[in-house]
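In what follows, a structure is listed as C-alpha cells, so that the remarks can point back to it.
This chain uses plain numbering: 1 for the first residue, then up along the sequence. Bear in mind the structure is a predicted one, so any value in this text is a computation, not a measurement.
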Amino acid sequence: MAGQSRKWMILVATIWIQAFTGTNFDFSAYSTELKSVLGITQVQLNYLAVASDLGKAFGWSSGLALLHLPLWVVMFMSSFMGLVGYGLQWFVIRSYISLPYVLVFLLCLLAGCSICWFNTVCFVLCIRNFPVNRALALSLTISFNGVSAAIYSLAANAVNSSDDAVYLLLNALIPLFTSIAALLPILRQPPFQTLPSDVVRRDSLVFLFLNILAIFTGLYLLLLNSVSSSASTARFLFAGAVLLLVIPLCIPGTLYARDWVHRTVHSSFRLEGSGFNLVDIDDLELHKEFIGRENVNGNGSSNTLLTNGNIISNGDARHDEGENDGCCERVIEKDQLVMLGEEHPARMLVRRWDFWLYYVAYFCGGTIGLVYSNNLGQIAQSLGFSSHTTTLVTLYSSCSFFGRLLSAAPDFMRAKMYFARTGWLTMALLPTPIAFFILAAYGSSMALHAGTALIGLSSGFIFAAAVSITSELFGPNSMGVNHNILITNIPIGSLAYGFMAAVIYDANAGVTFRDSGKLDGEMVCMGRNCYLQTFVSWGCISLLGLASSVLLFIRTRPAYDRFERNRRQMQSY
C-alpha cells in the first residue's frame with residue numbers, strides 16, 4: 001500500500017512539473033516589450049521564438065544525461081537552464097544589463113532546451129511507475145503542460161499586472177521552486193512490482209477521477225482568469241489554482257479506502273485492466289502472433305503473408321499479381337500499413353508513405369498552431385487589442401489543455417464507439433483552417449478570441465495524440481527515436497511560418513508607417529493588413545495538412561480495424 005501511495009505522489013509531482021514548466025506558451029505575453037527593448041524587427045523577433053522551439057532538437061541530450069546521472073540531478077539541471085535563460089532575459093528587458101542579439105538568441109535556446117529536459121524527466125517517471133497505464137499517465141501529465149500560460153497569467157497579475165517583464169522572472173523562478181517541491185516524491189520512488197488485476201482496475205478508476213478533476217481545473221483557469229485584473233483577486237485565484245493541483249494527493253487514498261466506490265462506479269464504467277489503452281504493448285504482441293496464425297486455414301481475403309520481413313495481406317498480393325486498379329487506389333494502397341505495432345527503425349521509417357503523410361499533417365496542423373501562439377502579442381497589437389494579449393494567451397493555453405485532455409477520448413470511448421486514432425487526428429485538424437479563415441475575414445475581438453480558441457483546441461489535441469499515434473503506427477519500442485524524428489518539423493515550421501509572417505508584418509509596417517511607424521526604435525504595423533495575407537496562407541497550408549491526415553486515415557483504417565477485430569477475437573478465447 002505504501003508503494004502504491006508513493007507512485008501517486010510521483011504522478012502528482014509530474015503534474016506540477018508539467019503545469020509550471022510550459023514556459024514557451026507565454027512568449028507572446030512579453031514578446032512585444034522584448035522587441036521594443038532590443039530594437040529589433042519582427043523577423044529578428046521570430047528568430048528568438050524559433051530559438052526556443054529549436055531547443056526541442058537537442059532533446060536527445062536529456063536522454064544522454066539520464067544514462068550517467070540520477071533523475072533528480074537532471075531535473076535540477078533543467079531548472080538551472082531555465083533560471084539562466086529566462087533570468088538574464090529579465091535583466092535585459094529591465095535594462096539592468098545590455099546583451100547583444102546573438103547572446104539573447106542563445107538564452108532563448110537554453111530556455112527551450114530546459115523545457116525539453118523537464119518533459120523527458122516526466123516521461124521517464126510515468127513510464128517507470130505506471131507500466132500498465134503509462135498511456136493514461138502520459139496523456140494526463142502532458143495535458144497540464146498546456147495550461148502553464150493560464151497559471152503564469154494569474155501569477156503575473158498577482159505580482160504586477162502592468163509589467164510584462166514579470167513573466168520572464170516567473171519563468172526563471174517557479175520551475176526551480178517546483179523542482180524543490182517534487183524532489184521528495186522522486187527520491188522515494190517505489191520499487192517495480194507486478195500489480196494484481198484488482199489493483200490495475202482501481203488504478204483505472206483513479207485516472208478517471210483525475211481526468212474529471214483536470215477538466216474542472218481547466219474550466220477554473222479559463223473562466224476566472226478574466227476577472228483577475230486586480231492584484232488581490234489574482235492572488236486569491238492563483239491560490240485556488242495551486243490548491244486544485246494539490247488535491248490529487250488526496251484522491252488515491254480516498255479511493256483505496258472505499259471499496260464500495262470500486263463495486264458501484266467502476267462496474268458501471270466497465271474499466272478493466274488496460275481497457276483505456278487503444279493499443280497496449282501486450283495486445284500488440286498477441287496481435288502479431290494472431291496474424292501469424294491467420295494463414296493456417298488458407299481461406300478468406302484477410303489472410304496474411306510474410307514477404308521479406310514485411311507483412312502484407314493476400315488481397316494486396318492479388319493486386320500485385322495483375323488486377324487493374326484505378327490511380328487513386330494504387331496511390332492509397334502503395335506501401336500500405338497492414339499491421340499496427342510493427343517496429344520501424346529510422347531507416348525504414350523514412351521510406352514509409354504513411355510516415356510522411358503523418359509528418360505533413362503535424363507540420364501543417366499542430367506546428368502552425370504553435371507559431372500562431374508565438375505571434376499572438378503582435379497580432380493583438382496590430383488589431384488594436386493590446387490590452388487583450390494576456391487574455392488571449394490564457395485562452396490559447398486553456399483550450400490547448402482541453403485539446404490535450406480530449407486526446408484520451410479514443411481510450412475512454414472505446415467500449416461504446418470504436419474509431420481509428422488517425423481518424424480522430426483528422427477531426428482535430430479541421431478547426432485550424434476554419435479558424436484562420438475566420439481571422440482573415442473578420443478583424444473583430446470576437447473573431448480573434450474564437451480563432452484563438454479553435455487553434456488552441458486543435459493544436460493541443462495533436463501534440464498529445466501524436467505520442468500514441470507514433471507508437472501505434474511505427475512500434476512502441478521505437479517510439480522514442482521515431483517521435484523525435486517527427487517533431488523535427490516544429491523548429492522547421494517555426495522558422496518557415498514565423499519568417500513568412502514576420503516578412504509580411506515588416507513590409508506593411510514600412511509602407512503604412514513610413515513616418516510615424518517607429519516607436520522607440522521598434523517597427524510597428526497597425527491594421528488588418530499586417531496579418532491578413534498570413535492568415536490566408538496559413539489557412540491554405542492547414543488545408544494541406546487536413547488533406548494529408550485524410551489520406552493517412554484512409555491508408556491506416558484497415559490496420560486499425562484489423563487490430564480491433566483480432567483483439568475482440570482473442571478476448572473471446
ask   = Can you say whether the rings of Tyr372 and Tyr396 are parallel (under 30°), tilted (30 to 60°) or perpendicular (over 60°)?
value =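 Rings of Tyr372 and Tyr396: tilted, 30 to 60°.
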Beyond-backbone contact of [X] with [Y], side-chain heavy atoms, under 4.5 angstrom:
| X | Y | result |
| --- | --- | --- |
| Leu429 | Phe461 | no |
| Phe20 | Leu245 | yes |
| Thr452 | Leu439 | no |
| Thr178 | Thr21 | no |
| Thr422 | Leu473 | yes |
| Ser407 | Phe463 | no |
| Phe363 | Leu486 | no |
| His344 | Phe355 | no |

Gap between atom [atom2] of [Y] and atom [atom1] of [X] - 0.5 Å precision:
| X | Y | atom1 | atom2 | result |
| --- | --- | --- | --- | --- |
| Leu376 | Thr390 | CG | OG1 | 11.0 Å |
| Ser28 | Leu34 | OG | CG | 11.5 Å |
| Ser400 | Leu405 | OG | CG | 10.0 Å |
| Ile455 | Leu457 | CD1 | CG | 11.0 Å |
| Ser31 | Leu45 | OG | CG | 5.5 Å |
| Gln378 | Thr389 | CD | OG1 | 8.5 Å |

So which heavy atom on [X] is nearest to which on [Y], and how close?
| X | Y | result |
| --- | --- | --- |
| Tyr442 | Arg528 | N-NH2, 3.6 Å |
| Asn145 | Gly22 | ND2-CA, 3.4 Å |
| Cys126 | Thr14 | SG-OG1, 4.3 Å |
| Leu544 | Cys364 | CD2-SG, 4.2 Å |
| Gly460 | Arg404 | O-CG, 3.1 Å |
| Cys108 | Ala51 | CB-CB, 3.7 Å |

Can you confirm whether the side chains of [X] and [Y] place a donor and an acceptor under 3.5 Å from each other?
| X | Y | answer |
| --- | --- | --- |
| Ser458 | Thr432 | yes |
| Tyr505 | Ser382 | no |
| Gln89 | Asn171 | no |
| Tyr86 | Thr23 | yes |
| Tyr358 | Thr470 | yes |

Short side-chain to backbone donor-acceptor contact, [X] and [Y], under 3.5 Å:
| X | Y | answer |
| --- | --- | --- |
| Ser148 | Gln18 | yes |
| Thr120 | Cys116 | yes |
| Ser459 | Gly369 | no |
| Arg421 | Ala465 | no |
| Asn129 | Leu125 | yes |
| Tyr220 | Leu237 | yes |
| Arg352 | Met348 | no |
| Trp356 | Val350 | yes |

request  = Walk me through it: do Tyr497 and Asn375 pass the test side chain to side chain contact (heavy atoms under 4.5 Å, CB included)?
outcome  = CA-CA 10 Å; Tyr497 300 142; Asn375 283 268; over 6 Å; no
Aromatic ring centroids of [X] and [Y] under 6.0 Å?
| X | Y | result |
| --- | --- | --- |
| Phe437 | Trp538 | no |
| Tyr47 | Phe105 | no |
| Phe27 | Tyr30 | yes |

request  = Verify side chain to side chain contact (heavy atoms under 4.5 Å, CB included) between Val147 and Leu221, making sure each step is shown before the conclusion.
outcome  = CA-CA 8 Å; Val147 83; Leu221 291 169; 3.1 Å; yes
task = Tell me, yes or no, whether the heavy-atom count around Gln533 atom CD, taken from other residues, nucleotides or ligands under 6.0 Å, exceeds 12.
result =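 No, because the 6.0 Å sphere around CD of Gln533 holds 12 heavy atoms or fewer from other groups.
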key: Residues Ser494, Thr367; criterion side chain to side chain contact (heavy atoms under 4.5 Å, CB included); working and verdict   = CA-CA 7 Å; Ser494 182; Thr367 297; 5.6 Å; no
task = Give the C-alpha distance, both sets of side-chain angles, the deciding distance and a yes or no for side chain to side chain contact (heavy atoms under 4.5 Å, CB included) between Ile368 and Phe436.
result = CA-CA 11 Å; Ile368 207 169; Phe436 282 127; 4.0 Å; yes
ask   = Applying the side-chain contact (heavy atoms from CB on, under 4.5 Å) test to Phe385, which of Thr391, Ile379, Leu448 qualifies?
value =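 The residue from Thr391, Ile379, Leu448 that satisfies side-chain contact (heavy atoms from CB on, under 4.5 Å) with Phe385 turns out to be Leu448.
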query = With a cut-off of under 6.0 Å to the ring centre and 45° to the axis, is Arg557 in cation-pi contact with Phe553?
reply =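 Here Arg557 passes the 6.0 Å and 45° test against Phe553.
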task = Could you walk me through whether Phe118 and Phe123 pass ring-ring contact (aromatic ring centres under 6.0 Å, His included), step by step?
result = CA-CA 9 Å; Phe118 272 123; Phe123 295 163; over 10 Å; no
